[in-house]
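In what follows, a single structure is set out as structure tokens and then discussed.
Counting starts at 1 for both ligands and their atoms, in listed order. By convention here, the first residue in the shown sequence is residue 1.
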Amino acid sequence: MKKIVALIVLILFLCGCEQDKGVTSYISSSNELVAINYPVTNINVLDDKISSYVNKTYYNFKNIKSKIKPELNISYTYKEINDEVVNVSLKTEIVGDKTINKIKTFTYNKISGKFLTMEDLVDDLEGLDYEIKKELLEKYQDADMDYLSNVSYDYFTIDDENLTLYFNPAEIKSKYDELIYLDIPLDSLKLLIDIDKSSNKDTYLSIKKKNVSIDDKVVALTFDDGPSKYTSKILDILDKYKASATFFLIGNKVEFYGDILKRMLEEGSEIGNHSYDHKLLTRLSKEEFQEEINKTQEAIKNITGFTPTLFRPTYGGYTNVLKSYTDLKFVLWDVDSRDWQVKSKDKILKNIVPNVKSGSIILMHDNHEYALKVLDDLIQNLKRQGYKFVTVSELLELKKIRENE
Ligand code: ZN
């Protein structure tokens with residue numbers, strides 16, 4: 001099985017040179033199944049807590065002994081509750097001989113410089129305690145009452161409708177290995193802070209059509225695992241040559257890069273779906289797989305108004321059964337740059353150029369700098385050979401027309 005992959009952006013984190021909020025991601029190479037994505041908030045104390053949690057979790061994962069190849073996924077939610085308060089959750093799933101789910105959340109007030117607890121957010125928490133435990137017992141009948149009586153409300157997220165309380169399964173001693181959670185409608189709570197509800201965006205952006213004739217030599221550049229801080233520079237180069245590409249995005253990262261997503265579409269590139277958390281899909285249930293797809297579709301649509309029709313499976317792994325669970329078209333590649341692995345410009349070009357033919361789909365990644373560094377040379381080289389750069393959808397359309405000729 002081909003493995004897609006890529007690289008680490010921890011350096012930007014260490015040098016502190018990044019001004020904008022973003023996402024740091026580490027998506028593994030072929031020898032381990034790891035997808036870690038977490039937000040960079042530019043709030044030092046918060047970023048320190050987040051990265052130390054991630055480092056500790058990754059270190060522990062490396063020491064797991066398991067009969068099946070273990071897989072680590074760390075995903076996040078990030079929410080600006082109002083101008084002062086942000087809430088971050090980090091969900092960890094380790095799939096090995098058994099599955100472990102854990103959660104960590106942080107709520108931070110930028111003005112007071114303090115981490116907040118549930119007591120800071122909700123009035124009369126004690127009065128709610130009984131209701132919460134009753135509902136937990138109803139929802140999770142095997143929960144141990146003794147543990148439940150001491151349970152704390154350390155982990156929570158807030159969205160526009162609910163305050164969601166999370167409990168690590170080990171904490172409640174439930175046999176359940178999924179995360180335990182309870183949604184409490186905001187309307188039913190006496191909140192001590194204001195909550196800014198986000199307005200729904202419904203901008204619609206259409207994809208520009210390019211003039212490509214049936215006899216043209218065409219090639220589709222594709223970039224996986226973004227968006228990232230490198231993506232806008234890739235768009236700059238594409239724009240310079242009026243070339244387009246297809247970006248297979250990780251759903252959990254897109255909200256940080258709304259402007260970049262809009263720009264992709266405005267400048268004639270295409271957006272495809274590359275799952276929400278970059279899990280190995282062949283291990284997911286139908287429901288889990290569909291959730292990975294649907295959450296990403298939603299996130300992209302909310303920002304751009306555009307609904308992707310293409311899907312690229314993580315690590316290149318899929319089955320016909322998985323394919324039957326979605327209407328999205330699975331798109332692989334025939335030219336693999338292995339940019340994440342060979343890193344050097346010459347080697348990346350050597351992996352691509354001799355292997356390109358008309359109709360090729362080239363795999364690169366925009367969550368590190370390697371593909372970015374070769375892109376200018378690559379486009380110039382292929383242009384000299386007479387290639388035009390189209391999106392995957394345009395390429396597929398063109399193939400269909402050619403087959404019917
Ligand atoms: Zn990928």
Fill in the blank from the handout: Which of E71, E291, E93, E288 passes salt bridge (Lys or Arg N to Asp or Glu O under 4.0 Å) with K279? It is E93
Exercise for the section: Using a strict cut-off of less than 4.0 Å between a Lys/Arg side-chain nitrogen and an Asp/Glu carboxylate oxygen, indicate whether D277 and K253 qualify as a salt bridge. Expected result: no
Practice task
Mark yes or no for whether S269, through its side chain, and L265, through its backbone, hold a donor-acceptor pair below 3.5 Å.
Solution key: no
Problem - Any N, O or S atom of H365 closer than 2.8 Å to the Zn ion (ligand 1) - result: no
Problem - Proximal heteroatom of D225 relative to the Zn ion (ligand 1) (N/O/S) - result: OD1
Exercise for the section: Examine all N, O or S atoms of D224, backbone included, and report whether one is under 2.8 Å from the Zn ion (ligand 1). Expected result: no
Problem - Name of whichever N/O/S atom of H274 is nearest to the Zn ion (ligand 1) - result: NE2
Handout entry: NZ/K114: more than 12 non-hydrogen atoms of other groups inside 6.0 Å
Key = no
